[in-house]
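I have placed the structure first, in the form of structure tokens, so that the comments after it can refer back to it.
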Amino acid sequence: MKKFLLLIFSLIIIMTTSACTQKTGILFYQRPVTKENVMDYASVFKPSTRIYYLILMPDFQHSRFLNIQIIKKGSAEYLGYNIVMTRTVRLKDEEDKYFTDYMVLNDKGAYIMKVYSKDNPRKVYTQAEFYVK
């Protein structure tokens with residue numbers, strides 16, 4: 001009986017801790033993204049410097065286009081948020097799982113990056129927060 005309960009308990013533990021769900025995400029870097037520095041991500045940057053970012057998309061995209069939106073928190077133009085930059089990018093054939101680029105922000109503050117699909121612009125694939133200080 002003890003072995004049976006141990007087997008059931010171990011199966012429950014394995015099933016709850018080894019889920020294979022992959023989610024989308026955004027990572028920010030101070031240098032261009034390479035294989036060597038992919039784990040050196042940051043969230044605080046200096047003004048007027050390049051902010052490199054990596055958007056991870058593990059699920060296959062139906063559309064080859066992404067809408068990227070940068071929003072500054074704390075301004076009073078639209079309910080406390082100000083849209084700083086909006087961009088539509090086309091994914092290359094080798095970039096069906098990721099997209100990388102950079103941006104330059106001059107104003108200090110807290111920012112949010114949101115990524116949408118061109119097919120469904122109301123659904124946010126992923127979002128991340130970063131700071132310029």
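Positions are given from 1 along the sequence. All of these numbers come straight from a predicted model, not from anything done at the bench.
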Study note, to complete from the structure: Closest non-hydrogen atoms of V44 and K133, given as atom of the first, atom of the second and distance, are CG1-CD, 4.1 Å
Check your understanding: Would you call I51 and Y102 a side-chain contact if the rule is heavy atoms closer than 4.5 Å?
Key -> no
Practice item. State, to 0.1 Å, how close K72 and G109 come at their nearest heavy-atom pair, and which atoms those are. Key: CE-CA, 4.2 Å
Review point. What do the steps show when you test D101 against Y52 for side chain to side chain contact (heavy atoms under 4.5 Å, CB included), and what is the final call?
Key: CA-CA 6 Å; D101 203 2; Y52 295 90; over 6 Å; no
Exercise for review: Test I55 against I68 for side chain to side chain contact (heavy atoms under 4.5 Å, CB included), laying out the working first.
Suggested key: CA-CA 10 Å; I55 301 172; I68 300 173; 3.8 Å; yes
Exercise for review: Treating Ile, Leu, Val, Met, Phe, Trp and Tyr as nodes and any side-chain heavy-atom pair under 4.5 angstrom as an edge, say whether M85 and I26 lie in one connected cluster.
Suggested key: yes
Exercise for review: Taking the side chain as every heavy atom from C-beta outward, state whether N67 and K118 have any atom pair closer than 4.5 Å.
Suggested key: yes
Point to revise | Derivation and outcome, side-chain hydrogen bond (donor to acceptor under 3.5 Å, both in side chains), residues N120 and S117 | key: CA-CA 5 Å; N120 190 1; S117 170; over 6 Å; no
Check your understanding: Does a side-chain heavy-atom distance below 4.5 Å link V115 with V124?
Key -> no
Check your understanding: Got a donor-acceptor contact below 3.5 angstrom from the R64 side chain to the K92 backbone?
Key -> yes
Revision key, fill the gap. So CG of D119 and CZ of F65: to nearest 0.5 Å the spacing works out to 10.0 Å
Point to revise | Shortest non-hydrogen contact from Y125 toward Y116 | key: CD1-C, 4.1 Å
Review point. Which pair of non-hydrogen atoms, one from A110 and one from E129, has the smallest distance, and what is that distance?
Key: CB-OE2, 4.5 Å
Review point. Would you find a donor on one side and an acceptor on the other, under 3.5 Å apart, between the side chain of T100 and the backbone of Y53?
Key: yes
Review point. Heavy atoms, side chains only, cut-off 4.5 Å: are L105 and D107 in contact?
Key: no
Point to revise | Student check: side-chain heavy atoms of V104 and T49 closer than 4.5 Å | key: no
Check your understanding: Any side-chain heavy-atom pair from Y98 and L91 closer than 4.5 angstrom?
Key -> no
Practice item. Return the minimal non-hydrogen interatomic distance between I70 and F130, and the atom names on each side. Key: CG2-CZ, 4.4 Å
Check your understanding: Under a 4.5 Å cut-off applied to non-hydrogen side-chain atoms, are Q69 and I83 in contact?
Key -> yes
Point to revise | pair R90-L66: side-chain heavy atoms closer than 4.5 Å | key: no
Check your understanding: Can F28 and M103 be said to form a side chain to side chain contact (heavy atoms under 4.5 Å, CB included), step by step?
Key -> CA-CA 10 Å; F28 299 101; M103 63 186 156; 4.1 Å; yes
**Study point:** Main-chain N/O of P47 paired to N106 side chain as donor or acceptor, under 3.5 Å
**Key:** no
Exercise for review: List the steps, then state whether side chain to side chain contact (heavy atoms under 4.5 Å, CB included) holds for Y111 with K73.
Suggested key: CA-CA 6 Å; Y111 292 88; K73 294 174 28 175; over 6 Å; no
Practice item. Assess whether atom CZ of R87 is packed by more than 12 heavy atoms of other residues, nucleotides or ligands within 6.0 Å. Key: yes
